[in-house]
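Here the structure is laid out as structure tokens; the discussion comes afterwards.
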Amino acid sequence: MDLAGVDRRRVDAAGTSRANRGWWDGAADEYQAEHGEFLRDSGFVWCPEGLDEADAQLLGEVAGKDVLEIGCGAGQCGRWLAGQGARVAAFDLSFRQLQHSRRIDFGGDSPLPVVQADAEVLPFADESFDLACSAFGALPFVADAAAVLAETRRVLRPGGRLVFSVSHPIRWAFPDDPGPRGLTADRSYFDRSPYVELDDEGRPSYVEHHRTMADWIGHVVASGLVVAGLVEPEWPVGHDREWGGWSPLRGRHLPGTAIFTCVRP
């Protein structure tokens, strides 16, 4: 194949972070222009299926709680949490995404506290938060998800809760196509080779890592957290918005998102 293209290959933590920081810095403007209205400046949407935390209440009562948002993008979820009375800290790998958070802040009453950081090494003290959350933030895009979960456990207080959403693992066996082609499996679910986009010189420019459902459960357990719940959102009737490979057609047949609820004992 050409040097510029797509590959399935192993990419280490440093290479993954470097590629994804650059990719998200370059794609943030287009991403926010395309999805910002759906996400809302202050709104907590868990997934392309449109599951809203205001209805789902997966985090429970947040008022008065210290909450960490992992991979916050432009801070839409964190801003909604703050509006519910939570004390929120948020971070993202992409500086450009955080600039969009600041842009949104200019139109509001109180800015969302954000910091640029890598999820594998959190810049927060032990037992700083009651809750942590991540809506497709960081976890699909890191080489070492186990490290992120261990770090999250470290900064959670005993009894604290982490809720995170990722692409449903079964989706990796199917082409990322919203049409009929996306309904036929063409690769092994057990092939854990990362999806890698390459630049013109053959270097990784975007990396997404695949874990099976058993992998995710194993990483959660190994981190010292306990799995307390799993949601596989069904595609809502009347929701006709496509988002990449997510679509009403595929959503009627395949789960697109997995949302894990985990607790620090």
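Just so it is clear, the structure is predicted and the values come from calculations on it, not from any experiment.
- Between Y206 and W24, the ring center distance fails the sub-6.0 Å criterion.
- For the pair S94/Q116, no side-chain contact is recorded, criterion being any heavy-atom separation below 4.5 Å from C-beta on.
- Hydrophobic clustering (ILVMFWY, side-chain heavy atoms < 4.5 Å, transitive): V166 and L230 are in one cluster.
- With salt bridges taken as basic N to acidic carboxylate O contacts below 4.0 Å, none links R187 and D191.
- Here the two rings, on F38 and W246, have centers that are 6.0 Å apart or farther.
- For the atom pair CG of D92 and CD of Q97, the computed distance is 5.5 Å after rounding to the nearest 0.5 Å.
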Can you list, pair by pair, the side-chain donor-acceptor contacts under 3.5 Å of residues 70-83, counting residues two or more places apart and other chains?
from	atom 1	to	atom 2	distance (Å)
Q76	NE2	Q32	OE1	2.9
R79	NE	D105	OD1	3.3
R79	NH1	D41	O	3.0
R79	NH1	A74	O	3.2
R79	NH1	G75	O	3.2
R79	NH2	A74	O	3.3
R79	NH2	S101	O	3.2
R79	NH2	S101	OG	2.9
R79	NH2	D105	OD1	3.2

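- A pairwise comparison of heavy atoms in S134 and G137 identifies OG-O, 2.5 Å as the closest pair.
- One hydrophobic cluster, built from ILVMFWY side chains closer than 4.5 Å, cannot hold both L58 and V45; they sit in different ones.
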### Query
Hey, mind stepping through W46 and V163 against side-chain contact (heavy atoms from CB on, under 4.5 Å) and telling me if it holds?
CA-CA 10 Å; W46 280 109; V163 184; 3.4 Å; yes
### Query
When you look at V148 and T152, which way does the side-chain contact (heavy atoms from CB on, under 4.5 Å) test go after all the steps?
CA-CA 6 Å; V148 177; T152 304; 4.2 Å; yes
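- The structure places OG of S165 at 5.0 Å from CZ of F136, a figure rounded to the nearest 0.5 Å.
- Linking ILVMFWY side-chain heavy atoms closer than 4.5 Å, directly or via other members, places V155 and L131 in two distinct hydrophobic clusters.
- Taking the ring centroids of F174 and W172, they lie at or beyond the 6.0 Å cut-off.
- Going from atom CG of N20 over to atom CD of E197 covers 9.5 Å, rounded to the nearest 0.5 Å.
- Scored by the side-chain hydrogen bond (donor to acceptor under 3.5 Å, both in side chains) test, R40 finds D52 as partners (sequence neighbours excluded).
- For residues 214-232, the pairs satisfying side-chain hydrogen bond (donor to acceptor under 3.5 Å, both in side chains) are H168-E232, R192-D215, T212-D215, with sequence neighbours left out.
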Quick one: side chains of residues 254-265, donor-acceptor pairs under 3.5 Å with protein atoms, not counting sequence neighbours, listed by atom name and distance.
from	atom 1	to	atom 2	distance (Å)
T257	OG1	E49	OE1	2.8
T257	OG1	E49	OE2	3.3
R264	NH1	R153	O	3.2
R264	NH1	L156	O	2.6
R264	NH2	E127	OE2	3.3

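- Open room surrounds CD on E234; 12 or fewer heavy atoms of other groups in view lie less than 6.0 Å from it.
- For H209 and Y195, the ring centers sit 6.0 Å or farther from each other.
- The main-chain N or O of R181 is never found under 3.5 Å from a side-chain atom of T184 such that the two would form a donor-acceptor pair.
- How far CG of D144 is from OG1 of T16: 10.0 Å, rounded to the nearest 0.5 Å.
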### Task
Give the intermediate values and the outcome of side-chain contact (heavy atoms from CB on, under 4.5 Å) for residues V6 and V196.
CA-CA 6 Å; V6 174; V196 184; over 6 Å; no
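- D118 places no side-chain N or O within donor-acceptor distance of the main-chain N or O of V121, the cut-off being under 3.5 Å.
- For the salt bridge (charged side-chain N to carboxylate O under 4.0 Å, His left out) condition, the pairs that include at least one residue of residues 16-37, sequence neighbours left out, are D29-R96.
- Taking the ring axis of W235 as reference, the NZ or CZ atom of R250 does not stay both within 45° of it and closer than 6.0 Å to the ring centre.
- V62 places none of its side-chain heavy atoms less than 4.5 Å from the side chain of Q57.
- Heavy-atom contacts from other residues, nucleotides or ligands closer than 6.0 Å to CZ of R8 number more than 12.
- For the pair M213/I170, no side-chain contact is recorded, criterion being any heavy-atom separation below 4.5 Å from C-beta on.
- Annotation: side chain of S167 is in contact with side chain of E208 (closest heavy-atom distance under 4.5 Å).
- Side-chain heavy atoms closer than 4.5 Å link hydrophobic residues (I, L, V, M, F, W, Y) into clusters, and following such links, possibly through other members, connects L139 to V220.
- For the atom pair CG of L59 and CG of L162, the computed distance is 9.0 Å after rounding to the nearest 0.5 Å.
- L51 places none of its side-chain heavy atoms less than 4.5 Å from the side chain of D55.
- Between F129 and F124, the ring-plane angle classifies as perpendicular under the 30° and 60° cut-offs.
- The hydrophobic clustering, which links ILVMFWY residues whose side-chain heavy atoms are closer than 4.5 Å, places L225 and V231 apart.
- For the pair E69 (side chain) and A132 (backbone), a donor-acceptor distance under 3.5 Å is absent.
- In this structure, OG in S247 is found 9.0 Å from NE2 in H253, a value given to the nearest 0.5 Å.
- Here the side chain of H210 pairs a donor or acceptor atom with the backbone of Y189 at under 3.5 angstrom.
- Sorted by first and then second residue, the salt bridge (charged side-chain N to carboxylate O under 4.0 Å, His left out) pairs involving residues 157-170 (not counting sequence neighbours) are D66-R157, D130-R157.
- In this structure, E151 and A119 approach most closely via the heavy-atom pair CB-O, 4.3 Å.
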### Task
Start with the C-alpha distance between W243 and C47, add both sets of side-chain angles, then the distance that settles side-chain contact (heavy atoms from CB on, under 4.5 Å), and finish with yes or no.
CA-CA 10 Å; W243 182 324; C47 51; over 6 Å; no
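- Between C133 and V67, the closest side-chain pair of non-hydrogen atoms falls below 4.5 Å.
- At least one side-chain heavy atom of L122 sits under 4.5 Å from a side-chain heavy atom of F91.
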